[in-house]
Amino acid sequence: MRYRGRIAPTPTGDLHVGHARTFVSAWRRAEAAHGELVLRIEDLDPLRCRLEYTERAIEDLEWLGVRWTEGPVHQSRRRDVYESVWRRLRDAGVIYACTASRREVRDAAHAPHDDEEGTEPIFPPELRPALGAGRDAASPAGVVWRFRVPDGEVMRFSDARHGAQRFVAGVDFGDFVVWRKDDVPAYELAVVADDVAMGITEVVRGEDLLRSTARQLLIYRALGATPPAWCHLPLVRDAHGRRLAKRHDALSVRELRARGLTPEEVLASGSDGDARRASA
Ligand code: GLU
């Protein structure tokens with residue numbers, strides 16, 4: 001099978017060193033496999049995404065030397081793909097319309113078993129509606145849709161960087177959102193819908209999404225689709241161990257570039273406190 005990878009920036013801000021490393025690695029893996037690489041712009045959130053950031057991301061990627069064979073493909077223009085996946089999940093009975101208010105969810109939510117960065121509170125199972133709720137909905141609009149996770153099931157997968165992975169449904173993650181109340185397809189649904197439709201054979205992305213992979217495997221299974229291979233890369237941290245993505249002042253590729261750094265220097269600048277040095 002021919003290798004097909006993808007790079008998937010979200011245009012809510014400028015690319016930083018962490019993104020640069022992930023996308024360059026994804027490109028190198030596709031090149032090494034003589035495969036294809038799709039550039040997918042994850043611009044579903046109309047309030048947070050801006051066209052200007054898409055243009056700047058493309059320019060930064062080109063400057064870094066990343067080359068793709070397809071795209072840019074904009075998620076904001078693929079609503080029909082996501083709606084058809086929503087319909088299939090609805091018909092399979094694995095998702096439901098969640099009418100619990102934000103407050104009810106917050107008050108009853110369980111803390112995840114660890115407090116690692118990026119973990120969300122577990123959706124309280126007692127707020128689940130009866131089986132079959134929402135099955136006759138004609139459209140996803142107007143209400144939050146969640147995936148009913150099989151409590152206690154161990155989700156396993158193998159990762160090219162991290163080896164064997166294991167997450168327990170209902171413990172490490174709970175019923176997750178597949179469609180937002182503001183009628184925007186949620187990340188987990190859109191990514192799987194696209195990775196399946198685009199025939200992606202390996203997903204290369206940051207290790208903050210390892211847990212999401214466990215959720216996404218449930219969607220693959222419900223769709224009867226074969227999951228790709230996975231490769232989750234270490235996140236770039238600053239000298240204090242904080243993730244760059246979490247910092248508002250994280251150095252963008254274009255700032256480093258404006259300071260005269262070469263692509264090689266930008267890619268090297270995230271490690272061992274160099275990010276701080278570069279920003280000094
Ligand atoms: N758009 C996501 C991000 O920028 C990447 C999602 C993915 O690769 O699955 O973090």
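Just follow the structure's listing: the first ligand is 1, and inside any ligand the first atom is 1.
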Is the shortest side-chain N to carboxylate O distance from [X] to [Y] below 4.0 Å?
| X | Y | value |
| --- | --- | --- |
| Asp60 | Arg257 | yes |
| Asp182 | Arg180 | yes |
| Glu202 | Arg29 | yes |

ask   = Taking all non-hydrogen atoms of both residues, which atom of Leu233 and which atom of Thr22 are closest, and how far apart?
value = CD1-CA, 3.8 Å
message = I'd like to know whether the aromatic ring centres of Trp68 and Trp27 sit less than 6.0 Å apart in this structure.
response =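 So the answer is no for these two rings.
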ask   = Can you pull the salt bridge (charged side-chain N to carboxylate O under 4.0 Å, His left out) pairs that have at least one residue in residues 64-75, sequence neighbours excluded?
value =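 Qualifying pairs, neighbours excluded: Arg4-Glu70.
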Report each N/O pair between ligand 1 and the protein that falls under 3.5 Å, naming both atoms.
residue, atom, partner, partner atom, Å
ligand 1, 1 (N), Ala8, O, 2.7
ligand 1, 1 (N), Thr10, OG1, 2.8
ligand 1, 1 (N), Glu42, OE1, 2.6
ligand 1, 4 (O), Thr10, OG1, 3.2
ligand 1, 8 (O), Arg6, NH1, 2.6
ligand 1, 8 (O), Arg6, NH2, 3.4
ligand 1, 9 (O), Arg6, NH2, 2.9
ligand 1, 9 (O), Tyr187, OH, 2.8
ligand 1, 9 (O), Arg205, NH1, 2.8

